[in-house]
Protein chains: 4
Amino acid sequence: MFSSALFRWTLVFLRRHQTLGLNKIRYRELATASDSFKETHTNVCSHFTTEVSMKKLLVDVDCGVDDAQALMMALAVPDVQILGITCVHGNTSLENVCKNVLRVLKVCKHLEIPVYRGATKALLEQTVSAGDFHGKDGLGDAPDPQAPGLELVQKEGAVSAMIRIVDENPGEVSLVATAPLTNVALAVKLDPSFPKKLKGLYIMGGNTDSRGNTTVCGEYNFAADPEAAYIVLNEFICPIYIATWEFTCHSKLPWEFCDGWLAQDTDKARFMKQIFKHSMKSSQSERIEKELVAGQGFISCDSYAMAAVIDDKYIVETEHRAVTVELAGNHCRGMMVVDHLDLLKKTHKVYILKKVDLERFKDLMMNALK
Amino acid sequence: MFSSALFRWTLVFLRRHQTLGLNKIRYRELATASDSFKETHTNVCSHFTTEVSMKKLLVDVDCGVDDAQALMMALAVPDVQILGITCVHGNTSLENVCKNVLRVLKVCKHLEIPVYRGATKALLEQTVSAGDFHGKDGLGDAPDPQAPGLELVQKEGAVSAMIRIVDENPGEVSLVATAPLTNVALAVKLDPSFPKKLKGLYIMGGNTDSRGNTTVCGEYNFAADPEAAYIVLNEFICPIYIATWEFTCHSKLPWEFCDGWLAQDTDKARFMKQIFKHSMKSSQSERIEKELVAGQGFISCDSYAMAAVIDDKYIVETEHRAVTVELAGNHCRGMMVVDHLDLLKKTHKVYILKKVDLERFKDLMMNALK
Amino acid sequence: MFSSALFRWTLVFLRRHQTLGLNKIRYRELATASDSFKETHTNVCSHFTTEVSMKKLLVDVDCGVDDAQALMMALAVPDVQILGITCVHGNTSLENVCKNVLRVLKVCKHLEIPVYRGATKALLEQTVSAGDFHGKDGLGDAPDPQAPGLELVQKEGAVSAMIRIVDENPGEVSLVATAPLTNVALAVKLDPSFPKKLKGLYIMGGNTDSRGNTTVCGEYNFAADPEAAYIVLNEFICPIYIATWEFTCHSKLPWEFCDGWLAQDTDKARFMKQIFKHSMKSSQSERIEKELVAGQGFISCDSYAMAAVIDDKYIVETEHRAVTVELAGNHCRGMMVVDHLDLLKKTHKVYILKKVDLERFKDLMMNALK
Amino acid sequence: MFSSALFRWTLVFLRRHQTLGLNKIRYRELATASDSFKETHTNVCSHFTTEVSMKKLLVDVDCGVDDAQALMMALAVPDVQILGITCVHGNTSLENVCKNVLRVLKVCKHLEIPVYRGATKALLEQTVSAGDFHGKDGLGDAPDPQAPGLELVQKEGAVSAMIRIVDENPGEVSLVATAPLTNVALAVKLDPSFPKKLKGLYIMGGNTDSRGNTTVCGEYNFAADPEAAYIVLNEFICPIYIATWEFTCHSKLPWEFCDGWLAQDTDKARFMKQIFKHSMKSSQSERIEKELVAGQGFISCDSYAMAAVIDDKYIVETEHRAVTVELAGNHCRGMMVVDHLDLLKKTHKVYILKKVDLERFKDLMMNALK
């Protein structure tokens with residue numbers, strides 16, 4: 001709809017002026033500054049008379065296909081402002097992650113969002129391979145000759161940028177982490193006050209029922225850097241929401257939805273179709289079938305964490321538990337440990353997603369490729 | 001019913017003659033030997049014309065209340081022959097375990113079944129307390145002044161007896177283990193050929209979803225001797241059936257069933273009511289509520305494993321998986337590890353109980369106190 | 001010398017009558033029983049007027065070349081009575097170990113000593129290879145066509161025999177263990193009273209300075225079954241003497257001694273020369289040079305532990321410490337841990353050999369091949 | 001001596017101008033700039049005709065008494081330029097560490113050297129207490145009312161400063177780390193190129209013979225942050241020199257030396273006497289006697305690492321080995337692992353100090369308090 005498009009345009013405008021330090025603004029004031037806007041669309045402007053709070057996000061990604069899907073979901077939502085995207089090793093090499101993020105920003109016409117280089121390896125460098133579920137380059141091995149160059153990546157490092165940006169927006173930034181938590185852990189090690197300045201932390205990672213998708217009992221993002229996950233779960237005293245591997249499996253969408261999703265007549269949908277082909281094929285492999293909990297389907301893992309920060313009505317049920325990560329162990333290293341018995345005596349508990357409104361989730365997904 | 005009582009008497013007779021090496025016998029021949037029997041109950045005897053296979057059992061227990069329930073279930077079934085009961089540390093001290101088994105045998109009028117003393121501690125002696133869910137003495141702290149004395153316990157040790165009995169009945173004995181697996185592990189260490197001479201191994205223990213009831217992620221029987229559980233799961237190449245903690249929780253019965261069960265007008269029911277009082281109260285504690293998966297109810301853990309060996313139609317669904325036990329780890333030591341991804345490359349897999357016929361289970365339970 | 005030979009003959013006689021329960025006996029009484037003996041050799045008999053205490057030994061071996069050397073040392077000493085030799089996996093397969101022990105007994109003319117079959121694998125079966133330092137067959141791959149057959153091995157198992165023999169000689173038997181401690185650990189698990197009935201336990205194994213000869217920080221005998229070593233160090237409350245890897249390295253003999261030792265004109269020396277060739281060559285490999293602490297030389301590891309039980313004046317200095325075994329760890333699993341700081345709060349401490357009388361050791365070594 | 005004093009004055013001058021980017025400078029040129037200097041002291045100036053290379057140091061400390069001793073050793077040497085002192089948790093709290101460093105700088109009249117705040121906790125925050133060997137405040141609990149205030153500590157964080165300073169002096173800076181390695185590990189995680197820009201890394205920490213002084217097998221600096229030590233030993237590809245716990249024990253000085261050292265008539269000696277009293281008393285405790293390897297004596301642990309960077313002729317013998325740190329384990333977590341067998345297949349090896357010139361060391365020590 002027109003008004004919706006206009007609204008989004010306005011917010012893009014807002015976003016591009018993020019350096020002005022605009023945050024909670026009266027939209028009417030902004031509208032007033034633009035005559036044609038004000039005169040033609042008074043019906044829209046009525047929305048603007050109330051104070052609107054932009055959702056400020058930092059996103060930490062190892063940009064495989066599902067990170068791309070999560071990013072596109074956020075980029076498509078008008079009241080979400082991504083202050084920076086920090087890259088980290090994971091689905092593919094750090095360089096590929098940076099390239100992939102830039103490709104996503106280009107197709108979404110948001111190359112103005114700063115991209116930062118983070119850790120190339122886990123804290124202890126005992127790398128666990130992500131396999132090539134998303135292709136060797138993380139985006140389905142469907143290269144784009146016109147892809148933006150790495151010169152667009154910021155000089156400032158990811159960890160430094162995370163700390164600075166959160167310092168500049170105390171209490172306002174939600175951090176969405178859909179990758180091994182190396183960058184996030186380093187942020188708190190460098191600045192112990194980092195977590196308390198965050199509004200919230202949204203993680204895709206870990207597992208609740210010892211169902212590994214990488215090691216016997218370990219989910220990839222946690223198993224890829226168990227010490228980082230341990231540090232984050234121990235030291236981030238802000239509200240933490242976790243979309244675990246089992247949760248995403250239980251929240252899978254039918255492949256039919258995916259077909260309709262990709263069939264949209266937009267550049268974004270065409271881009272997604274291209275980069276997603278590889279993963280869709282991988283999904284039918286014997287190995288992936290073993291990984292999946294509760295049967296086949298379309299699982300955009302990282303998008304479940306992103307949706308939680310975007311849409312306040314999306315989460316229906318959570319479990320509030322102390323959690324940690326097993327660091328030793330022959331089979332359980334990297335496994336998220338849920339303390340049902342309150343044996344760990346931890347005072348800070350996290351919100352483990354148990355049930356979400358899948359209709360709202362589908363809407364956010366559809367919107368991502370519009 | 002009369003005929004049933006007679007049938008049971010006959011089997012008791014058979015059982016008491018186990019030393020004669022009788023196993024698969026023609027019941028008619030036996031009946032022929034007893035004139036009064038033959039003449040009066042020809043209708044019963046017609047059942048005896050077919051060959052009946054006695055189910056030969058060894059039961060390894062740390063006789064708490066649920067071990068008692070499982071034993072009473074087996075003792076009440078005519079075609080089950082318990083060749084020996086081996087005792088092991090666990091719910092309470094080894095001495096108490098022996099005493100408790102004798103009390104159960106007395107109330108069931110089966111003091112002829114030999115009872116053996118086994119391990120007093122875990123292989124590594126890093127004892128995990130069972131708490132006093134079942135009372136300090138394991139049977140609800142409801143002592144019986146007329147309880148049989150420990151002089152009834154056999155001189156032969158449990159491990160030696162297990163090996164000998166299975167040697168005398170190759171391929172015919174099912175071992176039901178409802179306790180820490182110390183004795184069972186020692187049996188294979190002493191006689192590597194022990195497992196292949198077993199008909200099957202039925203275990204109550206372990207967990208599938210990292211839901212601990214003792215340590216953060218560990219079920220009691222496995223956590224109480226992780227090395228023993230590891231050895232058993234690695235070296236027992238006979239068919240293994242496991243009733244895990246989560247399975248028993250998901251198969252709980254309503255407390256109403258328990259009420260009816262205990263209300264039976266029998267000595268056994270009165271005995272059970274007495275020894276079960278303590279555990280029933282414990283079940284309502286905050287701690288136990290945290291342990292329970294999927295809500296409150298009546299869970300006779302060990303009975304689920306026993307039912308599997310008694311009634312061939314009881315198991316409805318199993319999962320066939322390679323499993324092992326985490327031995328290291330800060331939180332996961334003692335946790336059963338299910339290898340969904342086939343990463344362990346184990347050729348021998350176990351049957352994890354997923355669904356059982358609860359009506360048949362209820363029948364077996366009711367029958368136990370008849 | 002004649003008198004010496006006679007003395008030894010008498011002791012062989014005594015040994016063969018071990019089943020009579022003879023232990024501390026007045027040798028004069030025995031001599032009296034034999035007329036020709038008494039009349040001809042009164043000069044010898046004068047020795048017999050004092051009470052002589054036979055040293056009763058159980059020896060647990062994984063008979064490689066140094067186990068053979070240790071056994072031959074003991075077999076050559078008149079007042080040592082070997083009540084049994086228990087075999088266990090280690091330097092080579094259990095079958096080879098049994099064969100090797102029989103070959104040693106044959107060359108020493110002591111095939112009357114009973115040999116028992118023990119554990120084929122470590123408690124947890126996570127086998128660490130011994131390499132082929134002693135040859136694939138453990139005795140230098142120099143087979144003997146006339147070697148005794150395995151039918152000479154006792155039917156009774158090693159662990160059962162250990163328990164029985166010690167039961168029959170309470171407080172009198174010293175156990176010398178020069179192999180992975182699987183059998184020894186199983187003995188205490190089967191009979192918790194086993195250790196307190198022993199006179200002493202003499203172990204070759206473990207290390208004091210984290211100098212591994214098998215894993216980075218682990219000595220072979222301990223690393224080959226860390227749980228067994230852990231159990232033994234925790235549960236054997238008899239006096240324990242340990243000849244560690246570093247100790248044996250620091251107590252090495254010059255190769256010149258070895259030359260003279262092997263050059264003796266005896267069947268035993270010729271046998272030793274044959275079976276030792278392979279290990280002597282191995283000793284010069286680059287790998288072995290890395291293993292050795294404090295330079296090259298002739299190290300008959302197991303003999304250092306054996307000498308301690310044979311000769312009361314051999315030990316010059318020990319360290320009295322609580323020790324245990326690291327069971328977890330990426331590099332330290334199987335390492336002996338010496339508790340210099342008394343942090344483990346263990347009441348039972350062991351004697352770690354620090355300095356021995358090498359001249360007495362050389363005498364025992366020379367005597368072994370006489 | 002006069003000329004020496006002048007020489008030192010000149011170097012202090014040089015140091016204070018470090019920000020000018022002066023490094024390898026021709027001293028004659030400098031002298032030329034100062035007329036009175038040139039004319040009066042031509043004999044001194046003759047030394048200046050050769051190119052002199054200042055030794056540029058970063059020092060990372062948890063300033064207890066021995067850190068203070070090491071710092072004072074470096075501050076007293078003319079051709080050593082300390083570019084910054086980074087503080088980290090350890091012997092005492094981070095705040096105390098900062099205060100202690102400032103007190104040392106004040107007594108040495110070098111408050112111009114920038115001091116930076118680093119990590120308050122280990123990477124995983126599983127804190128191991130340092131006990132109060134050096135007193136609760138780390139400097140013998142002998143507070144100075146005139147101590148400089150914490151406002152003198154730099155705003156820039158330690159890790160950031162380390163990276164920046166080394167960036168500004170590529171290939172020229174030696175890092176001396178006499179504390180838990182948290183800061184040092186974070187530097188490489190933030191800037192993977194950090195190690196290769198260093199000239200060398202000098203560590204006091206770790207052990208070679210599993211002789212713990214904190215945990216059963218762990219030396220304090222490594223045990224206090226095992227992951228940090230692991231990261232540093234794995235990722236620092238510059239030359240690494242390690243003064244281990246056992247090495248410092250074997251290199252102890254007689255207490256008589258200490259007496260003479262403290263008896264010097266200088267402010268520095270008086271300061272040292274005051275702050276060292278507590279540790280000297282601690283040294284005679286039963287616990288410390290257990291910790292010490294090879295008997296009693298005066299051990300200024302951190303000074304051994306500092307001397308190595310100051311005096312090129314000090315190191316007499318090193319062992320060149322691959323090393324790592326045990327991260328798991330019940331007793332060995334934090335223990336340095338020396339790979340004598342080359343099993344770790346690491347290409348980068350460290351220099352473990354084995355023997356140093358103790359006369360030179362004594363000279364450096366004496367000079368520290370002059």
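Convention: sequence-line order gives letters A, B, ...; per-chain numbering from 1. Side chains included, hydrogens not; waters and symmetry mates left out as well; all remaining heavy atoms used.
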Expected contact set for residues 60-70 of chain C against chain D at heavy-atom separation under 4.5 Å reads none
Interatomic distance, CG@C:D141 vs CD1@C:I275, rounded to 0.5 Å, equals 11.5 Å
For the residue pair C:F236 and C:F194, categorise the inter-ring angle as parallel (less than 30°), tilted (30 to 60°) or perpendicular (more than 60°). perpendicular
In short, ring-ring contact (aromatic ring centres under 6.0 Å, His included) pairs touching residues 317-346 of chain D with sequence neighbours left out are D:H320-D:Y351
Here the ring-ring contact (aromatic ring centres under 6.0 Å, His included) pairs for residues 280-299 of chain C, sequence neighbours left out, are C:W255-C:F298, C:W261-C:F298, C:F276-C:F298
For [Y], does its backbone N or O pair with a side-chain atom of [X] as donor and acceptor, under 3.5 Å?
{"X": "D:E326", "Y": "C:C332", "result": "yes"}
{"X": "D:D339", "Y": "D:L343", "result": "yes"}
{"X": "C:T92", "Y": "C:K136", "result": "yes"}
{"X": "D:D225", "Y": "D:L123", "result": "yes"}

Okay, D:N213 and chain C: the region with an atom under 4.5 Å from a heavy atom over there is backbone
Under 4.5 Å to a heavy atom of chain C? For D:T214 that would be backbone
Taking a cut-off of under 4.5 angstrom between non-hydrogen atoms, the residues of residues 237-249 of chain D near chain C are none
Of the listed C:L344, C:N330, C:V338, the one with the largest count of heavy-atom pairs under 4.5 Å with chain D is C:N330
Practice item. In sequence, state the C-alpha distance, the side-chain angles, and the governing distance for D:E227 and D:R333, and then conclude on salt bridge (charged side-chain N to carboxylate O under 4.0 Å, His left out). Key: CA-CA 10 Å; D:E227 279 72 21; D:R333 179 169 156 75; 2.9 Å; yes
- Sub-4.5 Å side-chain heavy-atom contact between D:N91 and D:F133: no
Check: Do the non-hydrogen side-chain atoms of C:M336 and C:I352 ever get within less than 4.5 Å of each other?
Finding: yes
When the 4.5 angstrom heavy-atom criterion is applied to C:T324 and chain D, the contacting part is side chain
